[in-house]
Amino acid sequence: MTYRPAVPGRCAAEVPAPTRVDELRDGLRASLSETARVWLDQALCEAATDPSAQGPAPTWEVRLAEASRRCGSAHGEAVRVLILITARADAAVLTRVYHRGTADERRAVLHALPHLVPGSEALALVEDALRANDPRLLAAAVGPYSARHLAPHLWRHALLKCLFTGVSVDSIADLPRRAHGDRELARMLQDYAAERSAAGRPVPGGLYRVLALTRTAATTTGPHVKES
C-alpha cells in the first residue's frame, strides 16, 4: 500500500507505508482543523520529496519542532512520527534527530523505529532512553523495537525500571512472549518484591502480573524466551 500526500497537484511522491500508518494519517487529518490539515499535508509533502532528506539539515526536521504548535499538543507526537516515517529516515538520521531533539522529538524517534529500522542498529537510542528517568521516554523506549531487538539482560532491567519509575507494564510491547518461562526474570521480580516489602514499601501491582507470565508455559517459541 502507498501513501500519497493529500495536496493535489503539488506533491506526486509516493511513500511505501503499512496500513496502520495510513490509518494514523487519516485519523490525524480527521481530527485537525483545516489550517492544521494544510500544514500537515505540506509537511508530509516536504518529507516525501525533500532532496536533502538524508542530509545535514532537511526542511522537514523543522516541522518536528513545530508539530505541537501547529496541530495541538494532543496530536504533536503522532504528527512527528508520521513525518519521520514519510521522510524514510534511516538509523543515522534518526540518531541525529534524537540527539538534537527535545524530549518530545526523542519519543517520536523511538515510536518510529519499528517502522523504519529493520535491524538492531538503532538500539543505542533505546539504551540511551532507558538510562533516563523520564517516565514518558521510558514508556516509548519499551515499544515494539525493544521487544524485537533488546537483549534479554537489558530487557529485564528495562522492565524493572518501568516498575521502579511507575511506568505501566501495559507500555511494554510483546510482554507475554518475552516474559514467558523466563526464570531469571522471575527471580529478579521476586527479589525486588521482597526488597520493597522489607522496606515497608508497596509492591507495584504490575509486578505480579509479569510474575504470573513467567510461570506460564510459552505457547510460541521466540528468540529471547530461554536466554538468561
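- His99 places a side-chain heavy atom less than 4.5 Å from the side chain of Leu125.
- From Leu154, atom CG reaches atom CG of Leu159 across 12.5 Å, with rounding to the nearest 0.5 Å.
- Taking 4.5 Å as the limit, some side-chain heavy atom of Val79 sits within range of a side-chain heavy atom of Trp39.
- In this structure, Met188 CE and Leu163 CG are separated by 10.5 Å, a value rounded to the nearest 0.5 Å.
- Ion pairing of Asp134 with Arg106 is absent here, as no side-chain N (NZ or NE/NH1/NH2) approaches a carboxylate O to less than 4.0 Å.
- Rounding to the nearest 0.5 Å places CD of Gln190 at 9.0 Å from CG of Leu207.
- Of the possible donor and acceptor atoms, none in the side chain of Lys161 sits under 3.5 Å from a partner among the backbone N and O of Val167.
- Judged purely by atom type and a 3.5 angstrom limit, Arg37 has no side-chain atom pairing as donor or acceptor with the backbone of Leu28.
- Here the side chain of Arg80 pairs a donor or acceptor atom with the backbone of Leu64 at under 3.5 angstrom.
- For the pair Ser197/Val203, a side-chain contact is recorded, criterion being any heavy-atom separation below 4.5 Å from C-beta on.
- Asp104 places none of its side-chain heavy atoms less than 4.5 Å from the side chain of Glu77.
- Criterion: ILVMFWY side-chain heavy atoms under 4.5 Å apart, direct or through other members. Under it, Tyr208 and Val169 are part of a common hydrophobic cluster.
- Side-chain atoms of Leu113 and Val126, non-hydrogen and from C-beta on, do get closer than 4.5 Å to each other.
- Between Leu213 and Leu185 there is no side-chain heavy-atom pair separated by less than 4.5 Å.
- Side-chain N or O atoms of Ser120 include none that pairs as donor or acceptor with a backbone N or O of Leu123 at under 3.5 Å.
- Not a single donor-acceptor pair under 3.5 Å links the side chain of Arg70 to the backbone N or O of Ala36.
- Rounding to the nearest 0.5 Å gives a distance of 11.0 Å between CZ of Arg63 and SG of Cys45.
- Salt-bridge annotation for Arg29 and Asp41: present, with a side-chain N of the basic residue lying under 4.0 Å from a carboxylate O of the acidic one.
- Counting heavy atoms from C-beta outward, Leu150 and Val142 have side chains that stay 4.5 Å or more apart.
- In this structure a side-chain-to-backbone donor-acceptor pair under 3.5 Å is present from Ser146 to Ala141.
- The two residues Ser68 and Gly76 come nearest to each other via the heavy atoms OG-CA, 3.7 Å.
- Under the 4.5 Å side-chain contact rule for hydrophobic residues, Trp60 and Val62 do not share a cluster.
- Formation of a donor-acceptor pair under 3.5 Å by the Tyr145 side chain with backbone atoms of Val117 is not found in this model.
- Proximity of Leu94 to Glu121: side-chain heavy atoms (C-beta onward) are nowhere separated by under 4.5 Å.
- Salt bridge absent: Glu184 and Arg156 never bring a charged side-chain N and a carboxylate O closer than 4.0 Å.
- Contact record, Pro204 with Arg196: CD-NE, 4.4 Å, taken as the closest heavy-atom pair.
- A donor-acceptor contact shorter than 3.5 Å links the side chain of Thr214 to the backbone of Leu211.
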